Amino acid sequence: MKFSPMKLSISLMTANKTLLHSVTLVCFIFIILFVVAPYQTTAINNKPNKENILIIRRLTNNYYEPVLGSDSITIPLRRVGRLFLIEAQIDDQIGNLIFDTGAMGLVLNKTYFRNHLVIDDHNSNGINGAISSVSNTTIDKVNISELKYKNVRADLTDLGHIENKRGVKILGLLGFSMIKGFEILIDVNHNQLKLFKIDKKGNRVNMSDFKFHADLMQPIETANNILFLKASIGGKKLNFCLDTGSETNVISSNSSNQVLNTINITRRSALQGSGSKNSEVLYGNMSNFILGNQSFTEMETIITNLDALSDAYGVKIDGVLGYNFLNKGIICINLGKKQLSICFAKSVKI
């Protein structure tokens with residue numbers, strides 16, 4: 001099994017992809033400027049009304065679905081730089097999970113879970129090659145706001161370098177498989193994650209909940225619990241993964257000149273993955289990114305090799321859409337309908 005945490009020094013594309021059930025490349029880009037935005041979050045010890053608690057059941061292949069409780073919940077996101085943290089309790093530990101749809105499932109910082117029974121132990125690969133040892137374990141309970149999980153399979157790896165850069169307690173990464181049974185609304189401009197119960201066709205169980213008016217709708221695909229969508233640059237159709245753990249967008253350095261020539265290079269910088277190795281990457285602005293019938297201008301991106309990330313996902317990817325894409329508005333993901341929708345923020349220039 002391959003691992004892939006590879007957070008590029010600006011993003012924390014921390015992917016728990018990896019192990020192909022595991023830490024996927026934390027391709028996630030650690031940016032060097034960190035601004036801690038004000039936030040509010042519900043204390044983990046505040047007990048919600050019983051009817052608001054959402055009980056989550058684990059099915060085969062670590063797929064989760066809501067079985068009891070409220071039809072919708074809102075989870076506060078704490079912003080640290082361009083990363084988003086969610087307060088959580090995992091067994092007896094209380095701390096933060098990085099909200100990372102570029103991760104396949106739950107990835108935990110082994111600093112806090114050393115006493116858990118390890119199922120296996122193996123090396124993982126990232127953008128700079130073999131970077132770290134990864135183990136698998138089972139967690140008795142995970143509480144995230146009103147979400148309650150039991151008997152959760154998780155990957156363990158060293159995430160201490162992330163804590164050191166951020167100055168906050170990082171329990172791990174919250175991957176896409178943990179919430180994909182809901183309709184998901186990601187509103188980074190208001191630091192909120194909204195989850196809505198849906199039926200097998202992707203329709204909300206309670207249609208009176210928050211109304212979402214889409215300006216753009218786009219088909220999506222999934223592979224190994226990672227979300228992919230098609231877009232084009234310079235007339236070339238490309239495959240992107242959507243990664244809330246990435247602090248900027250990424251374009252593969254193996255892209256054609258037709259694609260790379262559309263990017264205005266602004267600077268060079270060091271990139272640090274989830275391991276200790278560094279590599280140099282190019283920063284630039286995308287000015288010819290087209291999703292559906294909509295053109296996006298001046299989105300910051302980095303250019304680097306994504307071969308290791310493609311190997312970890314089991315899918316060739318040409319790029320990653322991170323914070324610079326997410327802040328265009330409210331992003332709605334509905335796997336039941338295999339659809340991604342965007343309600344653009346009024347201040348956004350496209």
Side-chain angles (χ1 to χ4, degrees), residues 6-13 15 25 27-33 81-83 101-102 127 186 188-189 215-221 226-271 279-307 309-310 313 315-331 333 340-350:
M6 84 153 133
K7 275 178 185 218
L8 318 173
S9 62
I10 330 183
S11 135
L12 194 232
M13 276 175 35
L25 274 171
C27 165
F28 315 117
I29 297 170
F30 271 96
I31 224 167
I32 305 154
L33 308 159
R82 293 180 174 182
L83 297 179
T101 58
I127 193 168
I186 305 169
V188 302
N189 294 307
D215 296 310
L216 174 66
M217 292 184 289
Q218 185 72 9
I220 55 176
E221 300 175 355
I226 302 298
L227 183 69
F228 298 93
L229 64 161
K230 304 291 186 184
S232 65
I233 298 177
K236 284 283 188 179
K237 198 167 187 178
L238 304 175
N239 192 34
F240 288 84
C241 69
L242 183 72
D243 189 351
T244 58
S246 176
E247 293 189 81
T248 190
N249 300 320
V250 186
I251 295 294
S252 171
S253 56
N254 291 327
S255 299
S256 68
N257 289 337
Q258 188 173 337
V259 172
L260 297 178
N261 287 341
T262 67
I263 299 173
N264 179 33
I265 304 301
T266 57
R267 71 187 193 277
R268 298 173 182 267
S269 183
L271 170 150
S279 60
E280 188 177 64
V281 296
L282 298 174
Y283 282 81
N285 291 317
M286 288 194 294
S287 59
N288 197 269
F289 178 88
I290 298 176
L291 181 65
N293 60 0
Q294 186 66 62
S295 177
F296 295 73
T297 60
E298 298 183 0
M299 286 202 300
E300 185 183 61
T301 187
I302 69 170
I303 301 173
T304 192
N305 190 293
L306 293 179
D307 288 348
L309 189 59
S310 295
Y313 287 149
V315 175
K316 181 183 181 299
I317 64 170
D318 303 298
V320 175
L321 297 177
Y323 177 84
N324 308 92
F325 174 77
L326 295 169
N327 71 355
K328 297 299 183 185
I330 302 175
I331 308 294
I333 301 168
L340 178 142
S341 306
I342 306 175
C343 176
F344 292 116
K346 292 181 180 179
S347 59
V348 169
K349 294 180 180 179
I350 51 178

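Just so it is clear, the model here is predicted, and its values are computed rather than measured.
Using a 4.5 Å heavy-atom cutoff, the side chains of Gln294 and Gln218 are not in contact. The side-chain heavy atoms of Arg82 and Asn324, taken from C-beta on, include a pair separated by under 4.5 Å. Inter-residue side-chain proximity for Ile303 and Ile265 is flagged as met; some heavy-atom pair is nearer than 4.5 Å. Between Asp215 and Cys343 the shortest side-chain heavy-atom distance falls below 4.5 Å. Inter-residue side-chain proximity for Ile317 and Ile226 is flagged as unmet; no heavy-atom pair is nearer than 4.5 Å. Within the 4.5 Å cutoff, the side chain of Leu282 has no heavy atoms near those of the Ile263 side chain. Using a 4.5 Å heavy-atom threshold, the side chains of Val320 and Leu309 count as touching.
Interatomic distance, Ile220 CD1 to Cys241 SG, rounded to the nearest 0.5 Å: 13.0 Å. Note that CD of Glu221 is 5.5 Å distant from NZ of Lys230, once rounded to the nearest 0.5 Å. For the atom pair CD (Gln258) and CG (Asn288), the distance works out to 9.5 Å, reported to the nearest 0.5 Å. Taking CZ of Phe240 as the reference point, atom CG of Leu238 lies at 5.0 Å (rounded to 0.5 Å). From Leu216, atom CG reaches atom CG of Leu340 across 8.0 Å, with rounding to the nearest 0.5 Å. Considering CD1 of Ile251 and OG1 of Thr262, their distance stands at 7.5 Å, rounded to 0.5 Å.
The nearest pair of heavy atoms linking Met217 to Ser341 is CG-OG, 3.4 Å. The two residues Glu300 and Asn249 make their nearest non-hydrogen contact at O-ND2, 3.2 Å. Across Leu260 and Ser253, no two heavy atoms sit closer than the pair CD1-O, 3.9 Å.
A donor-acceptor pair is defined here as one N or O able to donate and one able to accept, closer than 3.5 Å; such a pair exists between the side chain of Thr101 and the backbone of Thr244. Between the side chain of Asn239 and the backbone N or O of Asp318 there is no donor-acceptor pair closer than 3.5 Å.
Heavy-atom neighbours of Glu298 CD from other residues, nucleotides or ligands within 6.0 Å: at or below the threshold of 12.
Under the ring pair (Phe, Tyr, Trp, His ring centres under 6.0 Å) criterion, Phe325 pairs with Phe296, sequence neighbours left out. Every residue two or more places apart in sequence or in another chain that forms a side-chain contact (heavy atoms from CB on, under 4.5 Å) with Ile290 is listed here: Ser232, Ser295. In this structure, Lys236 has no side-chain hydrogen bond (donor to acceptor under 3.5 Å, both in side chains) partners at least two apart in sequence or on a different chain.
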